[in-house]
Amino acid sequence: MFRAGRLRRIRVGQQEIVFVVFAVLFVVFSVFLPGFLSADNMLTLLQNVAVLGILGLAMAIVVLGRGIDISLIAALAIPAGLVLQMVQDGHSLAGSILTALLFSIGIGLVNGWLIAYADVPSLFATLAIGIFVAGLGQAFLFQLDVVQWSPGMEGFQRLGQGAILGVPMPIVMFAFACVVVALFLRQTRWGAYVYAVGDNPNAARVTGIPTRPIIVLQYVLAALIGYFAGLVLAASLNSMPTRIFNSTLIYDVILVVVLGGIGLSGGRGGVLNVIIGTLLIGTMLNGMTIMDIPYAGQNLIKGVVLLLAVIADSVLNPRNEETAQQGDI
Amino acid sequence: MAFNQVARAALFALGLTTAASAPALAQQGLDEPFQKPFKDALAGKTVAFVPVAMNFDLTEGWFAGLKKELEPYGVKFELRDPNWNTNAGAQAVTSLISEKPAVMVIHNPDVQTYAKLLQRAENDGIFVIQINMGSAYRSSGFVGANWIEIGEKDAGAVVKACEGKSNKVAIVQGALSAAASAYTLKGVENVLAKHPEIKVVSSQAADWDAAKAKAITQTVLKQNPGLCGIVGFWDGMDIGTAAAVKEAGLTGKVFVATSGGGERKGACDLVKTGAFDLDLSYDVPTQAEQMAALIKYLLSSGAKPGSIKGSSYTTLIPITKENAESATTCWNLSDLKK
């Protein structure tokens, strides 16, 4: 986070603030909520936000490159639903998974091409593609919104159910995705290019970085991670509720990323930010469920916490001409 | 005896007729005077269907069932699918009023949004049939589940299953804005008021969302390992509730009661595997038939829309392990669409 030369004072960024909020909430819940701090509950907490976290990773890759991917929920719901539907119709599991894989690569390629080569703003391109893909699924691929499990899927539910060494599978999958994405971003040349393009696309291009292919790569990766999250979700629910596309999940994903401290202006942040954002959301949801707070109250509290984080950030890091960028939040 | 007398009288009459008009026909068809006006009343009429969304078992089943019953009589159908968007639904209803179909079949997203529009439609001469989720306006016909009854029966079953156990139960509600959810909750409260020994450890809304239902249930089960029962409000959402119970290894120990349209994959199959212990079905094909019967009756009656108002609450089919295997308990969407 702290790059040499730019560090003039100890900078308390969004990431630190959110971490403090998370820590405070965690301590308060641990003291006042019996059963909160148990190992069992900790695992449940993580398990409940694992899919959200995986989606957060996908969004992070795109946001790092100054983009946004609104089609992520369609990329989660439709390819994974396609797998269940094809198996239900009598196709082999392996063939179905492969078909859906190609489909999600296709989603990513079209998104990337529109944004990198046709210069369509990412917000509009992915919004349109998301609606298109969801409509395609509704009109031609599925008979019903909820695609049910069928006997041909037997064994596949292990991706989202059960546990390894006592750790529920969705958490294992989230951890796996975190490691893969972290390695990609920090250890590979392509990962470094993603940061370069996000930080300053023009400079990156002048330096000789293939900016357009990099942008396409980001959206393909996001679609693939979305597909992976969809498979984990379907396996854990034994069905794929494709109507999830109509839910507000995409806002939660953006919330995780922004709350975690990945600036929408690109080039800042990493996997750690996604983990922190996910933990905060998970802790809030879990604590409020244990306290049996009504739904409306939960939304109110979520909103207040988000507001506090944003206000604290703007007090500690006032915007000025140097730090403000277009699209910054 | 009676038959003999009638037969004898008939023969006698026949003999008289034969005698009176010498070369007359021995047998003559008799025109049933009411069938032609009935056919005329239906032929070419339009029935418009505005569900909250298509693509799920209930609305697909209603639409297919209505078509199966009415299309052979020359009834035309118009489908407006607002896809969970209440505004789009209100617009669809508004534009339908100016198009003047004979009947509108309306599936309300909530109690208020369409109420005024439906009243206007009936004033303009359109029969309005409301299905499963009614509005504040009572129209010519309502066909649907009695949500209070569903809440009472589900809660009753859970209370019974809890006898001699921890008496801790959880409630997984639907969406807060939906009347169906609020009515069901009232039914549950009615039963719980009579059973002060039952302790509700959690009563949360999962927004008809299986993933949310699963997350809530997981947390609740970890906090209350001795939980003896869960009242869920819709089987499509409670797949998630059941998945959480199964993952905790508590299938069979925690009684899961829910309700739904009785489609095979979504209801019977899940009761068979033990995911649900009780699934109250409001049997969608029967609801479709009742709606069709109401439409036939209203159109052929010559009554003015809104001049008579009645309800046909659905008789519930409790699906349990005993009848889940039966071929007639549940229905297949694929069969209904044939």
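Throughout, a chain's letter reflects where its sequence line sits, starting with A, and its residues are numbered from 1.
For a residue to count as touching a neighbouring chain, one of its non-hydrogen atoms must lie under 4.5 Å from one of that chain's; by this rule B:Ala243 touches chain A with the side chain only. The contact between B:Glu60 and chain A is made entirely by side chain atoms (from C-beta outward), counting heavy-atom distances below 4.5 Å. Looking at B:Leu221, there are no atoms closer than 4.5 Å to chain A (heavy atoms on both sides), in backbone or side chain. Proximity to chain A is absent for every atom of B:Met237, based on heavy atoms less than 4.5 angstrom apart. Residue B:Asn85 does not touch chain A at all, counting heavy-atom pairs closer than 4.5 Å.
Using a 4.5 Å heavy-atom threshold, the side chains of B:Asn55 and A:Leu144 count as separate. Two residues are said to be in side-chain contact when any heavy atoms from C-beta on lie closer than 4.5 Å; B:Ile239 and A:Gln148 meet this criterion. Side-chain contact check for B:Trp84 versus A:Asp145: some heavy-atom pair is nearer than 4.5 Å. Side-chain atoms of A:Val146 and B:Lys265, non-hydrogen and from C-beta on, never get closer than 4.5 Å to each other.
Side-chain polar atoms of A:Ser38 and B:Lys222 form no donor-acceptor pair below 3.5 angstrom. Donor-acceptor pairing under 3.5 Å is recorded for the side chains of A:Asn48 and B:Thr219.
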Item to check | Derivation and outcome, side chain to side chain contact (heavy atoms under 4.5 Å, CB included), residues B:Met54 and A:Gln138 | outcome: CA-CA 9 Å; B:Met54 287 304 280; A:Gln138 234 172 19; over 6 Å; no

